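Before any comments, here is the structure.
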Amino acid sequence: MDEKLRTPPVNPLLLRIQTSIASLRLTTYTNYNLLPINPTQSNFRHRPTRSLFLHFIKRKWGYLCFGLLLFIIVIVRIHIRRSIDPFEETPAITGHSQPQSPPPPRPPPLFSTFTDNYPKQLAILIVPSSNESIDTYSKMIVDTWGTMAMNDKSLSVDLWFASPNDTLRKFGWPNIPGFEDKTNLDDKKSKGKDKNGSEETEEDSENSKTSKKLPGQENLKEMMKELVEQTMVFEEPAELSPEQQSFRTVTKALHFLYAYHLDHYNYFLKITDKTFVRLPRLLELLSKTKRKPQLIGRPDIDYSTKVKFCWRGPGYLLSKDLLAIIGPHLPFCLEDKTITEDIAMERCLYNNAPNFIGCEDFTNGTGHEFLYLRPDDEVNWANIVHPERKFSDGYHGGWTFADSVIVGGITNVEILKDLESWYGPGGKYEKIIERRRMLFRKKLMREMNNNNSPQNKF
């Protein structure tokens, strides 16, 4: 009996599992108000709430830790986002960094193919008549009608100079590279000649002082010179006539614009620095012209090809489509020594551009847009102050300065100033036209008032 009434042995592992399961069960609510109060205990009122909070923490400690971790992560992210610039994390990739002290604002560049809106309507190629005219006629162009193209970007016009001078720094318009300054050729030449008569450059004179010539060095230099001449795009003969040099300057400049700026412009105007251009009127005519492969200027007949060429005096216009066709052939176009630049250009187009019909006038013009007067024609130059007086230029009649858009052959800077004061923006001719319009409006209003008067009703 005693052995039967004796309690069975307790398994410690099983007891521990049962205890753990029991702790997970919900406990009944204990009414702490019925418990005896111990007046000696000072914080007896806070004991029920504290015990509930500790019990909740013991039961839900995993959820509390996870929520606390999320709260800390959010706070840290907000602090990092406010204190650190995102560009400073990857300056090598973005190319931006926040400087400690911002630099002062710089003025925009005078000319930039990156800041302006392209394609533009017109590129004006200015060929200086001499090395000295860059400081006289070219400067006067920039100060007169070229100022409008610089200040008013809505005209969509750029100026290019076919000159070795740095016109971008001097005038704010770029120059086309590849032209040598004839005034500095003597400085670049050799200081003397050796016994064989070959030219000795400055580098050769310095090298001869420090080292002796190697065997076959002269033959190597001649071979390199021949190799460079064979690989050049423009193959020039030993001697060029003045007409050939003028034509070669134009073809080099047009080939540069074809190679690097063909898609930047719709038309290309070639003029000299002794030319006056009415830009608003020219752009108005171009806007009404249907773009196609065409050459626009003052036409005249070439009796050898029976095709019209454009006079070089007032200049000529090439459309983008025509320059795209003739551009690859420009380095190989070179006529005889006696052929002028304008005829040589017409023959180059005739031989290489298919379906070339010759020089044309503006379709919506009067045919008198390209004016060229001889330098000694003082009688016709005096008609600047008479805009609508018709005169003869020696070949054709009916010319007026009011109809002219491009005037070439200027031999005096003062004439260029007079043309700008009369036919430039806000010039005297515009004031005459505005006065006529005002008088016509007054006359029209007077006639309308007379027709509406009571006397005319009966």
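Please read all numbers here as calculations on a predicted model, not as lab measurements. The first residue of the sequence shown is numbered 1, and numbering continues consecutively from there.
Side-chain contact between L269 and L282 is present, with heavy atoms from C-beta onward closer than 4.5 Å. At a threshold of 4.5 Å between non-hydrogen side-chain atoms, the residues T289 and Y267 count as touching. A heavy-atom distance below 4.5 Å is not found between the side chains of K290 and T363. Side-chain contact between N352 and I325 is absent, with no heavy-atom pair separated by less than 4.5 Å. Within the 4.5 Å cutoff, the side chain of F247 has heavy atoms near those of the C333 side chain. At least one side-chain heavy atom of E360 sits less than 4.5 Å from a side-chain heavy atom of K292. The shortest distance between side-chain heavy atoms of F356 and P293 does not fall below 4.5 Å. No side-chain heavy atom of D158 sits less than 4.5 Å from a side-chain heavy atom of I124.
For the pair N364 (side chain) and K288 (backbone), a donor-acceptor distance under 3.5 Å is present. In this structure, the side chain of Y137 engages the main chain of T411 through a donor-acceptor pair within 3.5 Å. Side-chain N or O atoms of E369 include none that pairs as donor or acceptor with a backbone N or O of I406 at under 3.5 Å. Within the 3.5 Å criterion, the main-chain N or O of I176 finds no donor-acceptor partner in the side chain of S163. At least one donor-acceptor pair closer than 3.5 Å links the side chain of W381 to the backbone N or O of R374. Within the 3.5 Å criterion, the main-chain N or O of M148 finds no donor-acceptor partner in the side chain of D152.
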**Message:** Run the ring-ring contact (aromatic ring centres under 6.0 Å, His included) test on F171 and F161 for me, step by step, so that the C-alpha distance in whole Å, both residues' side-chain angles and the decisive distance to 0.1 Å come before the verdict.
**Reply:** CA-CA 10 Å; F171 303 138; F161 287 87; 5.7 Å; yes
**Asked** Taking it one step at a time, do K320 and D263 satisfy salt bridge (charged side-chain N to carboxylate O under 4.0 Å, His left out)?
**Response** CA-CA 8 Å; K320 172 185 176 180; D263 296 331; 3.6 Å; yes
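In this structure, Y429 places its OH atom where more than 12 heavy-atom neighbours from other residues, nucleotides or ligands lie under 6.0 Å away. For E447, the CD atom sits in a packed shell: over 12 heavy atoms of surrounding residues, nucleotides or ligands are nearer than 6.0 Å. The neighbour count for K170 NZ, taken as heavy atoms of other residues, nucleotides or ligands under 6.0 Å away, is above 12.
Ion pairing between R278 and E284 fails under the 4.0 Å rule for side-chain N and carboxylate O.
T167 and N165 share no side-chain donor-acceptor pair at under 3.5 Å. Side-chain atoms of T249 and S246 include no donor-acceptor pair closer than 3.5 Å. With 3.5 Å as the limit, one finds a donor-acceptor pair spanning the side chains of T340 and D342.
With rounding to the nearest 0.5 angstrom, the CZ atom of R347 is 7.5 Å from the CG atom of D336.
For F401 and F391, the ring centers sit closer than 6.0 Å to each other.
For the side chain to side chain contact (heavy atoms under 4.5 Å, CB included) with Y316, the lone residue among R298, K270, E346 that qualifies is K270.
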